[in-house]
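These notes are about the structure you will find just below.
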Amino acid sequence: MGVRSAEFDRVLDALAEVERAERSEYTSFSVRGKRFGYYWPRTQTVGLKQTLTEQQALVSERPEVFEEQFTAGGFGWVVVQLDGVEADELAELVYEAWRLSAPEELVAELPLPW
């Protein structure tokens, strides 16, 4: 069980117009200027934008894998322990984060790509 960073990169590469911004401690991910995720290699965690409902459901169901990061603009961000999720579950969470930030026409062009 668990996802390696290379698998996470493959998920991101399947999405349209993902912009990466490298920092010393993390990489952030945006679509058309709207941030939807972060990756911290040192801790092997990702932060993902979700709905408030999904944030609470993930954290309450599996607190050993998901933790609340913050809430902003009506969205709840979660930290995901990569070693605690399967690749298909992470792919769905990343797609949802991307979908919540991408413009409608881009989402319409790219329904769930896997």
Side-chain angles (χ1 to χ4, degrees):
M1 184 160 173
V3 175
R4 299 194 185 283
S5 59
E7 292 174 84
F8 178 63
D9 284 337
R10 278 196 295 278
V11 170
L12 289 169
D13 290 343
L15 300 171
E17 298 187 35
V18 173
E19 303 147 5
R20 297 167 194 236
E22 302 277 339
R23 303 287 184 258
S24 62
E25 299 292 319
Y26 65 91
T27 302
S28 65
F29 305 96
S30 304
V31 56
R32 294 199 184 166
K34 292 188 177 181
R35 184 115 344 118
F36 68 88
Y38 298 88
Y39 169 60
W40 295 276
R42 185 179 59 77
T43 58
Q44 288 296 290
T45 57
V46 296
L48 295 171
K49 184 179 196 178
Q50 299 292 299
T51 64
L52 291 170
T53 304
E54 185 68 11
Q55 177 197 48
Q56 293 306 308
L58 290 168
V59 172
S60 65
E61 288 171 15
R62 294 184 9 231
E64 71 283 359
V65 176
F66 302 103
E67 67 181 80
E68 186 175 319
Q69 187 176 17
F70 63 90
T71 58
F75 296 100
W77 289 72
V78 294
V79 174
V80 182
Q81 301 289 330
L82 289 180
D83 64 358
V85 296
E86 295 290 344
D88 59 342
E89 181 180 24
L90 182 65
E92 289 177 24
L93 293 169
V94 171
Y95 176 79
E96 183 64 13
W98 175 85
R99 188 187 69 76
L100 291 170
S101 297
E104 287 182 28
E105 70 273 7
L106 196 56
V107 174
E109 292 172 16
L110 188 71
L112 196 59
W114 38 82

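Here the OG1-CD distance, from T71 to Q56, works out to 9.0 Å after rounding to the nearest 0.5 Å. In this structure, the separation between OG on S30 and OH on Y38 is 7.5 Å, given to the nearest 0.5 Å. Atom-to-atom distance recorded for E54:CD and F66:CZ is 8.0 Å, nearest 0.5 angstrom.
By the rule that hydrophobic residues join a cluster once side-chain heavy atoms approach within less than 4.5 Å of another member, L12 and V85 end up as members of one cluster. Transitive grouping of hydrophobic side chains (ILVMFWY, heavy atoms separated by less than 4.5 Å) keeps L100 and V79 in distinct clusters. Taking hydrophobic clusters as Ile, Leu, Val, Met, Phe, Trp and Tyr residues chained together by side-chain heavy-atom distances below 4.5 Å, V18 shares a cluster with L90. The cluster map of Ile, Leu, Val, Met, Phe, Trp and Tyr, joined by side-chain heavy atoms under 4.5 Å apart, puts F70 and V46 in different clusters.
The environment of CD in E104 is sparse: at most 12 heavy-atom neighbours from other residues, nucleotides or ligands sit within 6.0 Å.
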Would you sort out whether D9 and R20 count as a side chain to side chain contact (heavy atoms under 4.5 Å, CB included), showing the intermediate values?
CA-CA 11 Å; D9 284 337; R20 297 167 194 236; 3.4 Å; yes
Give the intermediate values and the outcome of side chain to side chain contact (heavy atoms under 4.5 Å, CB included) for residues Y95 and V107.
CA-CA 10 Å; Y95 176 79; V107 174; 4.0 Å; yes
Applying side chain to side chain contact (heavy atoms under 4.5 Å, CB included) to L58 and L93, what does each step give before you reach the verdict?
CA-CA 10 Å; L58 290 168; L93 293 169; 3.8 Å; yes
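Partners of T43 under the side chain to side chain donor-acceptor pair (under 3.5 Å) rule, at least two apart in sequence or in another chain, are T45. By the side chain to side chain donor-acceptor pair (under 3.5 Å) test, E96 pairs with R99, sequence neighbours left out. With sequence neighbours left out, A57 forms a side-chain contact (heavy atoms from CB on, under 4.5 Å) with E61. Partners of F8 by ring pair (Phe, Tyr, Trp, His ring centres under 6.0 Å), not counting sequence neighbours, listed by chain and number: F29, Y39. Every residue two or more places apart in sequence or in another chain was checked for a side chain to side chain donor-acceptor pair (under 3.5 Å) with E7, and none qualifies. Residues that satisfy the side chain to side chain donor-acceptor pair (under 3.5 Å) test with E17, not counting sequence neighbours, are R32.
Q69 and G47 make their closest contact through OE1-CA, 3.7 Å (heavy atoms, listed as atom of the first residue, atom of the second, distance). The minimum heavy-atom distance between R62 and G84, with the atom names listed, is NH2-O, 3.4 Å. When all heavy atoms of L52 and G76 are compared, the closest pair comes out as CD2-N, 3.6 Å.
The backbone N or O of G33 lies less than 3.5 Å from a partner atom in the side chain of E19, making a donor-acceptor pair. Side chain of Q55 to main chain of W77: a donor-acceptor pair is present (N/O by atom type, distance under 3.5 Å, no hydrogens or angles).
W98 pairs with exactly one of V11, L48, L15 by the side-chain contact (heavy atoms from CB on, under 4.5 Å) rule, that one being L15.
The shortest distance between side-chain heavy atoms of E25 and R42 falls below 4.5 Å.
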